[in-house]
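Report on one structure; see the data block that follows.
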Amino acid sequence: MKLSKQFPVNALRVFEAVARHNGFTRAAEELGMTQTAVSYQIKLLEDNLGTLLFLRTSRQISLTEAGERLLPKTREGFELLREAVALARHEVSEVLEIHSTPTFASHWLARHLGSFQLQHPGIAVRLLRTGGRQRDFVRESGDVGIHIGNEPVPGLICHPILKLSYAPMLSPALAASIGGVREPADLIKLPRMSSDKTWWADWFRAAGVVSPLPRSTGLDAQGALDLQAGAAIAGHAMAFLSPFYVSDDLAAGRLIQPFDLLLGDDQIYWLVYPPSRRTMPKVKAFHQWLIASLPPLELNGVNTS
């Protein structure tokens with residue numbers, strides 16, 4: 001017996017749309033169906049499975065436990081079908097949707113994506129910044145994401161791509177205000193930006209300086225690279241920055257890094273995507289380009305490039 005005769009395949013497509021939009025009305029608009037027809041398809045699927053997939057109230061719907069179990073594989077199945085159709089059509093132009101953390105997006109990725117598109121002219125790129133929220137690929141659109149964390153994301157394919165190190169940086173004018181910076185202890189004389197981490201104490205300890213920490217200016221822009229770098233370039237205070245993100249400012253002399261001593265943390269940048277996209281040529285191409293373009297990554301002494 002054919003699958004279409006024994007299982008409501010079309011109802012699965014309706015189920016995926018309703019779950020993604022979290023409602024019957026928008027799903028009906030996307031599918032070109034009436035809301036009544038959408039409701040019928042969901043009931044057909046629920047009758048076939050012998051369980052409810054949505055909890056319905058007067059104002060909203062939500063997935064049941066059975067619906068939560070069904071959705072990921074359903075989404076993956078339709079992604080694989082779309083990929084198969086695209087390959088069958090030999091499509092030469094497609095879109096790669098990238099969701100990235102704001103700092104990585106604006107201070108590295110956006111500046112270098114041109115080289116990716118020169119290498120892959122058949123792939124258009126759509127870059128979106130995600131803020132601090134991890135993308136939910138089950139419910140939302142997107143091909144790949146850039147995630148920061150010390151562990152892989154459960155349920156997603158995760159490739160470590162970058163690990164940053166940090167050091168004190170300051171403007172040449174601020175260094176000149178004390179006659180120059182020649183040894184780590186000289187930095188004690190200068191104001192620093194405050195931090196909710198122990199970067200400053202850890203760095204001075206590693207540099208062999210036991211004096212009290214430099215006075216804090218009260219400026220606190222932890223996690224906001226633009227504000228930290230801007231305050232340092234303006235000469236207001238020293239900032240703890242990553243050479244990776246401010247390489248242009250260092251090269252132009254707007255900032256100086258007086259000492260080679262760097263500190264790292266346990267945070268790793270990951271390229272993440274759902275298993276349904278693991279064979280997509282555009283995803284493979286983007287991963288290979290990242291590995292070739294970013295500094296070599298070492299985790300526990302093992303080079304992962």
Side-chain angles (χ1 to χ4, degrees), residues 1-100 123-145 147 153-157 272-280 282-283:
M1 184 180 294
K2 293 182 179 180
L3 179 62
S4 60
K5 295 293 185 181
Q6 61 180 333
F7 191 82
V9 177
N10 288 338
L12 277 178
R13 181 170 65 99
V14 175
F15 163 74
E16 189 276 334
V18 172
R20 175 158 38 84
H21 290 296
N22 199 34
F24 287 71
T25 302
R26 293 181 62 189
E29 293 173 353
E30 176 186 303
L31 298 170
M33 301 170 64
T34 65
Q35 189 169 336
T36 300
V38 168
S39 298
Y40 172 78
Q41 289 293 322
I42 295 300
K43 185 177 185 306
L44 188 67
L45 183 59
E46 290 177 330
D47 289 346
N48 187 280
L49 295 174
T51 185
L52 290 176
L53 298 173
F54 294 99
L55 295 174
R56 301 161 175 85
T57 66
S58 59
R59 294 186 177 182
Q60 63 181 9
I61 65 169
S62 60
L63 285 168
T64 63
E65 184 178 344
E68 292 282 2
R69 290 196 301 268
L70 180 63
L71 181 58
K73 291 298 183 182
T74 301
R75 176 67 54 77
E76 181 177 349
F78 281 111
E79 289 292 344
L80 290 172
L81 286 173
R82 279 190 283 268
E83 178 187 351
V85 171
L87 291 173
R89 290 173 175 169
H90 300 287
E91 291 184 356
V92 296
S93 180
E94 51 187 339
V95 177
L96 176 69
E97 187 171 302
I98 306 166
H99 295 265
S100 173
I123 302 176
V125 174
R126 185 181 182 210
L127 176 59
L128 300 172
R129 303 198 306 174
T130 58
R133 181 177 63 86
Q134 170 58 38
R135 194 74 179 172
D136 184 351
F137 287 99
V138 173
R139 297 178 179 274
E140 304 172 87
S141 66
D143 294 306
V144 299
H147 170 72
V153 182
L156 298 178
I157 294 177
V272 303
Y273 51 87
S276 62
R277 290 168 173 78
R278 63 184 177 273
T279 60
M280 288 185 173
K282 62 182 179 181
V283 172

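Given the structure is predicted, the values throughout are model-derived calculations rather than measurements.
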For residues Val18 and Gln41, determine if any side-chain heavy atom of one lies less than 4.5 Å from a side-chain heavy atom of the other. no
Between CG of Leu127 and NE2 of His99, what distance do you get to the nearest 0.5 Å? 9.0 Å
Rounded distance [0.5 Å steps], OG1 in Thr34 versus CZ in Phe24: 12.0 Å
Close side-chain approach of Leu12 and Leu70, heavy atoms under 4.5 Å: yes
Using the test side-chain hydrogen bond (donor to acceptor under 3.5 Å, both in side chains), find all partners of Arg26 that sit at least two apart in sequence or belong to another chain. none
Minimum heavy-atom separation for Gly155 to Pro275, with atom names? O-CD, 3.5 Å
How long is the span from the CD atom in Glu29 to the NE2 atom in His21, to the nearest 0.5 Å? 8.5 Å
Do Asn22 and Ile61 come close enough that some side-chain heavy atom pair is under 4.5 Å? yes
What are the two closest heavy atoms between Arg278 and Tyr273, and how far apart are they? CA-CE1, 3.6 Å
When rounded to the nearest 0.5 Å, the distance separating CG of Leu52 from CG of Asp47 is 9.5 Å
More than 12 foreign heavy atoms under 6.0 Å from CD of Glu65: is that the case here? no
Tell me every residue that passes side-chain hydrogen bond (donor to acceptor under 3.5 Å, both in side chains) with Thr25, counting only those two or more places apart in sequence or in another chain. Gln35
Is any side-chain heavy atom of Glu97 closer than 4.5 Å to a side-chain heavy atom of Leu128? yes
Closest non-hydrogen atom pair between Val95 and Arg126, with its separation: CG1-CB, 4.2 Å
Could you check whether any side-chain heavy atom of Phe54 comes within less than 4.5 Å of a side-chain heavy atom of Leu63, counting everything from C-beta outward? yes
Any side-chain heavy-atom pair of Val144 and Arg277 under 4.5 Å: no
CG/Leu55 to CD/Gln60 distance, rounded to the nearest 0.5 angstrom? 10.0 Å
Evaluation steps, salt bridge (Lys or Arg N to Asp or Glu O under 4.0 Å), between Glu76 and Lys73: CA-CA 5 Å; Glu76 181 177 349; Lys73 291 298 183 182; 3.6 Å; yes
Nearest 0.5 angstrom please: Ile42 CD1 to Arg56 CZ, how far? 7.0 Å
Write down the atom of Glu46, the atom of Leu53, and the distance for their closest heavy-atom approach. OE2-N, 2.8 Å
